[in-house]
2 protein chains.
Amino acid sequence: MWTKEFEKEKMNGFAAYTIQPIGLVHSCFSEKFGIPRQPGLVSCAAGEIALLPEFSREELLKEISGFSHIWVSFLFHQAISDGWRPTVRPPWLGGQKRVGVFASRSPHRPNFIGLSAVRLEGVEKRDKTFFLKISGFDMLDGTPVIDIRPYLPYSDKIDEATPGYADYDLKPNRVVLTAESEAFCIEYENRTGRKLRKLIEEVIGQDPRPASQRKLHREFGMTLWNVNCRFVFTEDDLAEIISCEFIG
Amino acid sequence: MWTKEFEKEKMNGFAAYTIQPIGLVHSCFSEKFGIPRQPGLVSCAAGEIALLPEFSREELLKEISGFSHIWVSFLFHQAISDGWRPTVRPPWLGGQKRVGVFASRSPHRPNFIGLSAVRLEGVEKRDKTFFLKISGFDMLDGTPVIDIRPYLPYSDKIDEATPGYADYDLKPNRVVLTAESEAFCIEYENRTGRKLRKLIEEVIGQDPRPASQRKLHREFGMTLWNVNCRFVFTEDDLAEIISCEFIG
């Protein structure tokens with residue numbers, strides 16, 4: 001039986017529970033705008049998780065390299081100051097429909113905990129710090145990581161799961177670049193080894209515009225690593241990258 | 001560049017982050033011993049999540065019923081007093097092999113946060129409390145829940161994920177009951193509506209014995225709801241339920 005007394009007794013000691021970050025995300029996504037709505041949508045989004053000193057020990061990662069994917073639990077640190085919201089408008093269905101926060105993956109949730117399955121590209125040690133190289137993710141640069149665990153196909157891959165309202169055709173939009181933008185990308189890639197051209201195509205191809213601001217020819221900008229990319233949609237499914245330049 | 005200064009700056013304000021439970025698990029698993037190693041292994045494990053008063057509002061759950069499965073983030077509350085361990089011996093491979101805690105789903109992990117995908121059977125309201133009816137899970141009775149979110153097939157179902165060391169044949173063991181145990185189950189099920197017989201078969205069929213204590217004919221007991229079930233393995237793949245009785 002569910003009673004207030006039962007609840008109080010069980011919750012004793014957990015009313016406010018303290019956690020601490022174990023790592024920090026280094027990501028191509030320098031700002032919230034444009035971040036893929038879910039991990040996996042942008043395969044070439046590349047980054048790493050730096051383990052904090054207390055957790056930067058080889059033994060904590062023993063056998064992790066055998067897994068192709070890991071779950072990252074993290075804090076939506078930039079959402080905390082805004083607070084959580086009982087209902088949210090997910091990007092599905094043109095952002096028109098309100099759903100409960102527990103029926104969403106919104107950052108504006110109680111406890112502000114995020115969860116992403118990401119591809120594990122490898123483990124590196126530089127100086128005394130261990131880094132997990134990851135790709136196909138949706139985390140902001142500077143995101144505090146609170147847990148890492150393997151993706152176990154036998155329990156996490158649920159073939160019969162139904163998608164609820166998130167039954168959505170993920171057809172990407174077409175993306176074209178001006179000649180100057182193309183040239184910028186080529187030079188940037190040569191210098192940094194970062195796949196900027198492909199990242200732009202994937203990120204802007206999934207249409208980062210807020211559902212309420214989808215007017216054609218309106219200019220938007222987003223930052224990838226240290227590059228500001230400006231773009232317009234000239235047709236409903238065609239984005240044009242009009243400039244790429246270094247920020248700041 | 002990863003520097004101590006960078007880290008300190010970024011972590012400012014997150015060094016100790018406070019979270020609060022949003023709900024509480026009511027489960028057939030009254031004790032740690034025998035709990036399935038992963039959710040989904042025991043399809044008829046049935047229970048519910050009671051949302052705490054602050055979160056017991058219909059709007060927070062709007063549209064959740066369209067999803068067949070949800071992710072539950074919770075605290076491994078019974079592991080906290082023991083602390084976390086850098087390496088653990090997962091049940092795979094006979095418990096012989098040590099792996100890093102971040103390469104495991106062990107409860108003894110930094111922050112003690114657990115994650116399970118469970119089947120959502122429905123939503124109920126009793127008095128002023130909302131309950132999510134769930135099945136196929138691995139959570140202890142009284143577990144504090146810290147987040148609930150939908151399982152989204154398009155991002156969570158990763159067909160190409162590799163299982164690492166957890167590449168394991170999940171063939172269940174055979175389970176037989178004594179006539180008295182069978183009779184107990186039938187009466188218990190008639191009175192409570194709980195599928196005790198099937199639960200015993202599934203839970204004990206996956207062999208809850210610690211890897212180091214697998215001697216034949218050694219007696220074990222485990223509690224399901226308020227029933228203590230005692231069993232022995234009489235052959236390597238055959239468990240015999242020798243008694244079922246009420247606890248306490």
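Letters A, B, ... are given to chains in the order of the sequence lines, protein chains preceding strands, and every chain is numbered from 1. Heavy-atom basis, side chains included; hydrogens, waters and symmetry copies ignored.
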Given 3.5 Å as the limit, does a donor-acceptor pair link the side chain of [X] with the main chain of [Y], or not?
| X | Y | answer |
| --- | --- | --- |
| A/T162 | B/F67 | no |
| B/Y165 | A/I64 | no |
| B/Y151 | A/I158 | yes |

Could you look at B/E160 and say if it's the side chain, the backbone, both or neither that has a heavy atom under 4.5 Å from chain A?
-> both
Where does B/R119 contact chain A at under 4.5 Å (heavy atoms): side chain, backbone, both or neither?
->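 Side chain only.
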Please state whether the rings of B/W71 and A/W71 are parallel, tilted or perpendicular, taking 30° and 60° as the class boundaries.
->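 B/W71 vs A/W71 ring planes: perpendicular.
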Fit a plane to each ring of A/W84 and B/F55, take the angle between them on a 0 to 90° scale, and name the class: parallel (under 30°), tilted (30 to 60°) or perpendicular (over 60°).
-> tilted
Under a 4.5 Å heavy-atom cutoff, which of [options] has the most pairs with chain A?
| options | answer |
| --- | --- |
| B/R149, B/E63, B/K62 | B/R149 |
| B/P150, B/S73, B/G66 | B/P150 |
| B/I146, B/I148, B/V99, B/D159 | B/I148 |

CD1/B/I19 to CD1/A/I113 distance, rounded to the nearest 0.5 angstrom?
-> 4.5 Å
Counting heavy-atom pairs under 4.5 Å with chain B, which one of [options] comes out on top?
| options | value |
| --- | --- |
| A/I70, A/V101, A/L132, A/D147 | A/D147 |
| A/G100, A/P153, A/P110 | A/G100 |
| A/L60, A/T18, A/V88 | A/L60 |

Could you tell me which non-hydrogen atom of A/S68 sits nearest to which non-hydrogen atom of B/A161, and how far apart they are?
->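 Looking at all heavy atoms of both residues, the shortest contact is OG-CA, 3.1 Å.
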Work out which heavy atom in B/A103 is nearest to a heavy atom in A/L61; give both atom names and the distance.
->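 Nearest pair, atom of B/A103 first, then A/L61: CB-O, 4.5 Å.
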Carefully, step by step, assess B/D156 and A/D156 under the rule side chain to side chain contact (heavy atoms under 4.5 Å, CB included).
-> CA-CA 7 Å; B/D156 300 338; A/D156 299 339; over 6 Å; no
More than 12 foreign heavy atoms under 6.0 Å from NZ of B/K195: is that the case here?
->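 No.
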For atom CD of B/E59, is the number of surrounding heavy atoms from other residues, nucleotides or ligands below 6.0 Å larger than 12?
-> yes
Close aromatic pair by centroid cut-off 6.0 Å: A/Y17 and B/F112 = no
